[in-house]
There are 4 protein chains.
Amino acid sequence: MNERSATTLIPETARGSEAAILNAALEAFGEKGFYGASMRDVARGAKTSLSNLYNYFPAKSDLLAALLRMANDELLNRIQEAVGAAGKRPADRMSAAVRAHVRFVVEHQVASLVALSEIRYLTGAVRKRVVAARDSTQGIYEELVAEGAAAGDFLTPYPDDAARNIVSMVSAISTWYRAGGRLNAEELGGQHARYALALLEAPLD
Amino acid sequence: MNERSATTLIPETARGSEAAILNAALEAFGEKGFYGASMRDVARGAKTSLSNLYNYFPAKSDLLAALLRMANDELLNRIQEAVGAAGKRPADRMSAAVRAHVRFVVEHQVASLVALSEIRYLTGAVRKRVVAARDSTQGIYEELVAEGAAAGDFLTPYPDDAARNIVSMVSAISTWYRAGGRLNAEELGGQHARYALALLEAPLD
Amino acid sequence: MNERSATTLIPETARGSEAAILNAALEAFGEKGFYGASMRDVARGAKTSLSNLYNYFPAKSDLLAALLRMANDELLNRIQEAVGAAGKRPADRMSAAVRAHVRFVVEHQVASLVALSEIRYLTGAVRKRVVAARDSTQGIYEELVAEGAAAGDFLTPYPDDAARNIVSMVSAISTWYRAGGRLNAEELGGQHARYALALLEAPLD
Amino acid sequence: MNERSATTLIPETARGSEAAILNAALEAFGEKGFYGASMRDVARGAKTSLSNLYNYFPAKSDLLAALLRMANDELLNRIQEAVGAAGKRPADRMSAAVRAHVRFVVEHQVASLVALSEIRYLTGAVRKRVVAARDSTQGIYEELVAEGAAAGDFLTPYPDDAARNIVSMVSAISTWYRAGGRLNAEELGGQHARYALALLEAPLD
DNA sequence: CATGAATGAGAATTCATTCAT
DNA sequence: GATGAATGAATTCTCATTCAT
């Protein structure tokens, strides 16, 4: 429960109770959904008092927003890093993005699931910010697709909506993935990279 | 809101109040989510009393289950019909399935959205039945993929997980589609059929 | 469920549905208590519609009242008959009363239990009538005690409250009796008759 | 209503609100019965909010169970003390038990009434514990009867069921006792002690 | 007599949030 | 920061009862 990968979701600025609260919230929202989980559940999971939660997050939705923002930041970072480290060829860059994305979803499955399914419960300004962050992730894919299309590497007649569909596929992994399945994270990344490139009608080498 | 296509979601056996309740529930769950919508909301929408709701559906989750069952039945029927009417070539059959599926999602966007995002709030036997129904839809795709792979028409090295990814893409349409967008329903169907066949690495004619 | 002893609780004037309703109510109140049982339970048990109940009994409490009145009438009759058939000696008359009373409680255990524990849920005029009926049963015992005391057959220094205590003991049988126990109905009657006479300090012959 | 005897029902551990809630519940259940009284009634009586009730007792039945447990504990203590302080003669010990029991019923009439009539509304594990506690009180009487029978002091041919009947009599006091009646608590205790010994056929000295 | 549909009032319970300390 | 106690508003669900037919 407490062990997270080196590149953790909860940033180092979140110390002590705050980190515990965020982790507990992640777990609770993952298990029961945003509405299904109560602040009491979160407090219990964080081993602090119900009222102390409100010292850190003045509203339940702020907790969700914080979680979603962190998840997206981390995802964005990872994809950007991966793309940056990849070569110049659009297919390679796309492949790197998908592999990094899949790895994130598998490593942070709960956070990914929450991000996928609980955004709808945010409203107002908070929602806007979170949606924008999510869209910026999709934006990377759109750029990658545009690059490849411009370069003549992706032949699909529908480059405009392809990015969204790739993101849909990869995000959906969070809804069904179980550790110990037929494919491990690495293989799953390779598989989805191939699906993505095929969808984009990128000719095989 | 009350206008539904010829092939409607609410079956003819649901008369008067029951149909009104189901429609109101669909609208409410679509707008606020299963938890976010209250039985009062549904009653108000159906123009009946809160208590009368319970004469038709003894629990809120039964309402959701009824909705999901209907949506899935209709979807299943449409896909099966479309596949039946298609020719023998696997690519054509897959294409027909996707087109019918997309048309359903667009025509019953709210129901599709609810089916995609609210299943998680069902539990127990009710959940089991609904999940089984959903899986049987995916089963059709799996068969189609297997046929095409066996026939050498789909060259993807990963036929086993392709069906799931196609379903993910098409289902996700319910989360972003807005009437009056760049593509109409028909074009969207064509687009996604092509995405699907590309993903399956079906050679163009 | 439908078999009742020759001397049944439900009078012959109650035909068809009415008798079914009364029996269903008795069963329901016995099992779940007056508040715990719903009119729906009663309707279901009587195999009639909820609304039809109200053609016979305009309120739930009327159902209870009818039941209690019948139970008490039958009990009263039986005790009076038994006492009338007994000889002249106060001890014999008391003994006969107790034996008849015990027999009634055993034969109509549920009705007796309901009469003992649900009277409190009646109010107003209905309650008054039922309480008066119950008291008239106790009145018989009081007369019997007074007779015996006057005749010098009951030596207890507290004849005034003895009747109530005898009734308490016998009524309480309904709370614990189970068919097939150590003693059968007849023996239980003999036992309680002896308890009663001992309590009254009636010298053994 | 708020005045309780030195040996009170509500234990010292119950501070402030909790004691107020318990007392209010006792009053409400006594007046309207477990089903007839609502949690709102209790909250009103305890001068706290409805929701705050649930901070102390997570379910209505827990409130009832707490009440019954306390009443029985106190009763048990009192009887045990009284028996312990009595001499060795079985008749004296029985007499002491009955007197203490009667005193308790009179002093805590409402609690006794509730204990007598509302146990049936408990279910599951909670019920089991409360029933066991109640039975342990009756167990004391059974021992006392057995002692006296073995010593040849109680001549009744039915010692086995005598204890239950004595308890029935004494418990029933809660259903009819009114302060200011013909006999005061002390006299009532003496009377019932005599009834009990007579019932056991204990020869007068 | 009998029914199916409907309803208003109220029940227990939950929960996000606040406040005094 | 941290806590325990408290609360108001809402939620799901139940139920006696009524009404049109």
Side-chain angles (χ1 to χ4, degrees), chain A residues 15-18 21 32 34-43 46-64, chain B residues 15-18 20-21 34-43 46-63, chain C residues 15-18 20-21 32 34-43 46-64, chain D residues 15-18 20-21 32 34-43 46-63:
Chain A
R15 301 228 142 269
S17 292
E18 188 172 8
I21 290 171
K32 308 188 179 179
F34 179 69
Y35 267 90
S38 74
M39 290 295 264
R40 277 182 157 84
D41 290 336
V42 177
K47 288 184 201 197
T48 183
S49 72
L50 176 56
S51 9
N52 196 33
L53 248 63
Y54 287 85
N55 288 327
Y56 292 87
F57 300 93
K60 192 185 180 187
S61 58
D62 291 333
L63 245 181
L64 177 57
Chain B
R15 302 228 141 271
S17 292
E18 188 171 6
I21 290 171
F34 179 70
Y35 269 93
S38 75
M39 290 297 265
R40 267 190 163 80
D41 292 334
V42 176
K47 287 183 207 213
T48 184
S49 71
L50 178 54
S51 36
N52 197 32
L53 243 64
Y54 286 88
N55 290 333
Y56 291 87
F57 299 93
K60 193 184 181 186
S61 60
D62 290 335
L63 243 183
Chain C
R15 301 228 141 270
S17 291
E18 187 172 9
I21 291 171
K32 307 187 178 180
F34 179 70
Y35 266 92
S38 73
M39 290 297 264
R40 277 183 156 85
D41 291 334
V42 176
K47 288 183 197 192
T48 183
S49 73
L50 177 56
S51 11
N52 196 30
L53 248 62
Y54 286 86
N55 288 327
Y56 291 88
F57 300 94
K60 192 186 182 188
S61 59
D62 292 332
L63 245 182
L64 177 56
Chain D
R15 302 229 141 270
S17 293
E18 189 172 4
I21 290 171
K32 307 188 179 179
F34 179 70
Y35 268 93
S38 75
M39 290 297 263
R40 269 192 159 80
D41 291 335
V42 175
K47 286 180 208 217
T48 185
S49 71
L50 179 54
S51 36
N52 196 31
L53 241 64
Y54 286 86
N55 290 332
Y56 292 86
F57 299 93
K60 194 186 182 187
S61 60
D62 290 335
L63 244 182

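A, B, ... follow the sequence lines: proteins, then strands. Residue 1 opens every chain.
Whole-Å rounding puts the A:Leu53 CG to E:dC19 C1' distance at 16 Å. In this structure, NZ of D:Lys32 is placed 11 Å from P of E:dG10, rounded to the nearest angstrom. C:Tyr56 places its OH atom 9 Å from the P atom of E:dT3, with the value rounded to the nearest Å. Atom CG in D:Asp62 sits roughly 12 Å away from atom C1' in E:dA12 (whole-Å rounding).
Every side chain to side chain donor-acceptor pair (under 3.5 Å) that C:Thr48 has, sequence neighbours left out, goes to C:Asn52. Here A:Asp62 pairs with nothing under the side chain to side chain donor-acceptor pair (under 3.5 Å) rule; sequence neighbours left out.
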Atom pairs and distances, donor-acceptor, side-chain atoms in residues 35-43 of chain A, under 3.5 Å, two or more places apart:
{"unit_1": "A:Ser38", "atom_1": "OG", "unit_2": "A:Arg40", "atom_2": "N", "d": "3.3"}
{"unit_1": "A:Ser38", "atom_1": "OG", "unit_2": "A:Asp41", "atom_2": "N", "d": "3.1"}
{"unit_1": "A:Ser38", "atom_1": "OG", "unit_2": "A:Asp41", "atom_2": "OD2", "d": "3.4"}
{"unit_1": "A:Asp41", "atom_1": "OD1", "unit_2": "A:Arg44", "atom_2": "NH1", "d": "3.4"}
{"unit_1": "A:Asp41", "atom_1": "OD2", "unit_2": "A:Lys32", "atom_2": "NZ", "d": "3.2"}
{"unit_1": "A:Asp41", "atom_1": "OD2", "unit_2": "A:Ser38", "atom_2": "N", "d": "3.0"}

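No donor-acceptor distance shorter than 3.5 angstrom exists from the side chain of B:Lys47 to the backbone of B:Ala20, with no hydrogens or angles considered.
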Discussion item. For a quick check, with a 4.0 angstrom heavy-atom cut-off, what is the B/S/- contact string for nucleotides 11-16 of chain F, read 5' to 3'?
Written reply: BBBBBB

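OP1 and OP2 of E:dA2 both lie 4.0 Å or more from every side-chain N or O belonging to C:Thr48.
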Fill in: For DNA chain F, the dot-bracket pattern of Watson-Crick and G-U pairs whose distances stay under 3.5 Å, | for other-strand partners
.||||||||||||||||||||

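Ranked by how close their nearest DNA chain E nucleotide is to the 5' end, C:Ser49 and B:Lys47 are led by C:Ser49.
With both ends at atom C1', the span from F:dT21 to E:dC1 equals 13 Å, rounded to whole Å.
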